[in-house]
Protein chains: 2
Amino acid sequence: MARKKTQSFDDQKEVILQGAAELFARRGYLGASMNDVAQACGLSKASLYHYYRDKDDLLANIAEAHVARLAELVKSVQGDASIAPADRLDVLITRFLTEYADAQNSHRVLTEDVKFLPPVARERILQLERVVVNGFAHAIGVQRPDLAEAGLHKAVAMLLFGMLNWMFTWMRPDGALNYVTIAPLVRDLFFRGLGGIQIPSLAKPPVPRER
Amino acid sequence: MARKKTQSFDDQKEVILQGAAELFARRGYLGASMNDVAQACGLSKASLYHYYRDKDDLLANIAEAHVARLAELVKSVQGDASIAPADRLDVLITRFLTEYADAQNSHRVLTEDVKFLPPVARERILQLERVVVNGFAHAIGVQRPDLAEAGLHKAVAMLLFGMLNWMFTWMRPDGALNYVTIAPLVRDLFFRGLGGIQIPSLAKPPVPRER
DNA sequence: CCTACCGATCGGTAGG
DNA sequence: CCTACCGATCGGTAGG
């Protein structure tokens with residue numbers, strides 16, 4: 001009895017989270033009101049506040065649950081002895097795109113709305129994002145140790161994230177090209193491209209540039 | 001006298017546009033109020049409405065002016081006989097990053113806030129964006145005609161735009177790596193990577209996939 | 001005294 | 001170019 005109650009409480013929280021993510025993704029965090037969220041979830045606004053303290057709490061939970069899954073994914077690949085270090089980047093790209101395909105609303109909220117969170121909650125999420133970026137940067141450094149030595153592996157990781165995260169702005173999930181079928185293209189492009197990057201002579205102003 | 005009036009009217013419009021772009025970029029379109037904009041520009045909210053009809057008008061002007069410059073840039077490269085077709089993509093990447101460096105606020109507004117415009121104004125801007133994307137896609141098709149035949153040149157163009165547009169989320173303009181110094185990395189990565197893309201067998205369900 | 005919720009409305013602020 | 005406001009709607013909370 002008490003068990004069933006707790007069960008449905010957590011279930012209801014999850015339903016609300018999904019509904020809110022869908023609305024925040026479509027209209028933006030500030031563009032979706034708590035009344036909108038409540039209506040989409042089939043309950044009153046007052047009931048909504050029974051499950052989440054305030055609007056920020058809703059946003060923080062959506063973003064943190066998603067980025068925590070991504071960070072967990074990075075750690076599981078790093079800790080998987082059956083994956084050779086040289087294969088990690090390849091596996092990471094594929095697994096991330098698969099994860100993205102199932103979490104489009106949450107990912108959009110993570111990339112567009114975290115800036116509206118108060119500093120403490122925002123910082124907690126940025127910390128998890130750093131874990132993810134560092135995981136990719138490290139895997140890139142395995143492929144190109146010279147890039148890591150030049151301090152460019154994180155920048156290159158961000159270029160890769162650009163390709164992945166920008167997909168939300170142009171890709172139709174039900175098209176011929178979706179988050180899963182595009183994975184080979186991204187891997188082909190990025191892996192081959194990684195070999196083409198020349199280390200520029202940055203931060204050495206005395207050296208004249210040759211053309 | 002009347003001349004001076006008109007002159008300062010347009011000047012004031014431009015000052016307001018820059019101030020609004022800065023606020024919209026930092027707090028988001030819905031997060032920045034018209035009072036905020038007025039205060040940032042050193043005038044009252046009522047005065048603001050003397051120069052722009054409403055808040056959407058401000059947003060539309062920021063986005064359209066920026067994307068029109070980008071579309072113009074594409075056309076100028078396409079129409080420049082001194083640039084060989086095979087060099088167009090290279091030139092486009094460099095020129096776009098230079099343009100981005102000077103229009104960071106406007107670009108952030110274009111990529112994040114256009115969704116808040118009413119359909120008619122939004123569609124006018126999306127139309128200009130299509131000109132830009134088609135310009136890049138065509139230049140990619142020159143490098144890899146088989147990609148264009150497979151209908152993948154636009155998707156690959158969007159992957160490139162992902163790298164470029166995502167920079168706004170992570171790059172510090174005053175860092176060692178800025179919009180200009182990163183250009184060689186992006187070009188190295190993308191040009192080499194372009195040669196690595198294999199055409200997947202999409203949209204041909206009868207053909208069994210070989211592993 | 002708890003939970004899960006409701007209709008109604010709070011103080012403030014938005015765009016205009 | 002300003003002060004003084006409006007209809008509406010915001011996020012959040014009251015009593016029951």
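Everything quoted here is computed from the prediction, not taken from an experiment. Note on naming: letters A, B, ... go to the chains in the order of the sequence lines (proteins, then strands), and numbering restarts at 1 for each one.
Within the nucleic acid shown, A:Tyr52 has no heavy atom closer than 4.0 Å to any nucleic acid atom. Using a 4.0 Å heavy-atom cutoff across all strands shown, B:Asp54 reaches sugar-phosphate atoms only and no base atom.
Computed from coordinates, the A:Asp57 CG to D:dT13 P distance equals 12 Å when rounded to whole Å. Here the P atom of nucleotide C:dA8 and the CG atom of A:Asn35 are 14 Å apart, to the nearest Å. For the pair A:Phe116 CZ and D:dG11 C1', the interatomic distance rounds to 15 Å; values are reported in whole Å. Atom CG in B:Asp36 sits about 11 Å away from atom C1' in C:dT13, given to the nearest Å. With rounding to whole Å, B:Lys13 atom NZ is found 14 Å from D:dC1 atom P. Atom pair A:Leu58:CG and D:dG12:C1' shows a separation of 13 Å (rounding to whole Å applied). To the nearest angstrom, P of C:dG16 lies 8 Å from NZ of B:Lys55. Atom pair B:Arg53:CZ and C:dG15:P shows a separation of 16 Å (rounding to whole Å applied).
Remark: the backbone N or O of A:Ala183 is not paired with any side-chain donor or acceptor of A:Thr94 at under 3.5 angstrom. Side chain of A:Asp80 to main chain of A:Ser76: no donor-acceptor pair is present (N/O by atom type, distance under 3.5 Å, no hydrogens or angles). A distance-only check finds no donor-acceptor pair linking the side chain of A:Arg122 to the backbone of A:Val114 [under 3.5 Å].
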A:Arg124 vs A:Gln127, side chain to side chain donor-acceptor pair (under 3.5 Å): CA-CA, chis, key distance, verdict: CA-CA 5 Å; A:Arg124 207 170 52 236; A:Gln127 190 54 44; over 6 Å; no
Audit row: A:Ile125, A:Leu117, side chain to side chain contact (heavy atoms under 4.5 Å, CB included) steps and yes/no: CA-CA 10 Å; A:Ile125 287 163; A:Leu117 280 175; 3.6 Å; yes
From CA spacing to verdict: side chain to side chain donor-acceptor pair (under 3.5 Å), B:Asn134, B:Lys154: CA-CA 7 Å; B:Asn134 287 340; B:Lys154 285 197 189 183; 3.0 Å; yes
Intermediate values then yes/no, ring-ring contact (aromatic ring centres under 6.0 Å, His included), A:Phe24 and A:Tyr29: CA-CA 5 Å; A:Phe24 292 169; A:Tyr29 178 62; 5.1 Å; yes
B:Tyr179 vs B:Phe96, ring-ring contact (aromatic ring centres under 6.0 Å, His included): CA-CA, chis, key distance, verdict: CA-CA 9 Å; B:Tyr179 298 97; B:Phe96 260 61; over 10 Å; no
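A side chain to side chain donor-acceptor pair (under 3.5 Å) with A:His66 holds for exactly one of A:Glu99, A:Arg108, A:His107; it is A:His107.
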Between N or O atoms, less than 3.5 Å apart, protein on one side and nucleotides 2-6 of chain D on the other: list the pairs.
| residue | atom | partner | partner atom | Å |
| --- | --- | --- | --- | --- |
| D:dC2 | OP2 | B:Ser44 | N | 2.6 |
| D:dC2 | OP2 | B:Ser44 | OG | 2.6 |
| D:dC2 | OP2 | B:Ser47 | OG | 2.6 |

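With a 6.0 Å radius and a threshold of 12 heavy atoms from other residues, nucleotides or ligands, B:Gln39 has its CD atom at or below the threshold.
Listed pair A:Tyr49 / D:dG12 meets the phosphate criterion, a side-chain N or O lying under 4.0 Å from OP1 or OP2.
If you check the side chains of A:Asp174 and A:Asn178, you find no donor sitting under 3.5 Å from an acceptor.
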Secondary-structure notation, DNA chain C, from Watson-Crick and G-U pairs under 3.5 angstrom (| other strand): .....|.|.||.|.||
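Of the residues in residues 26-34 of chain B, those lying under 4.0 Å from DNA chain C by heavy-atom distance are B:Ala32, B:Ser33, B:Met34.
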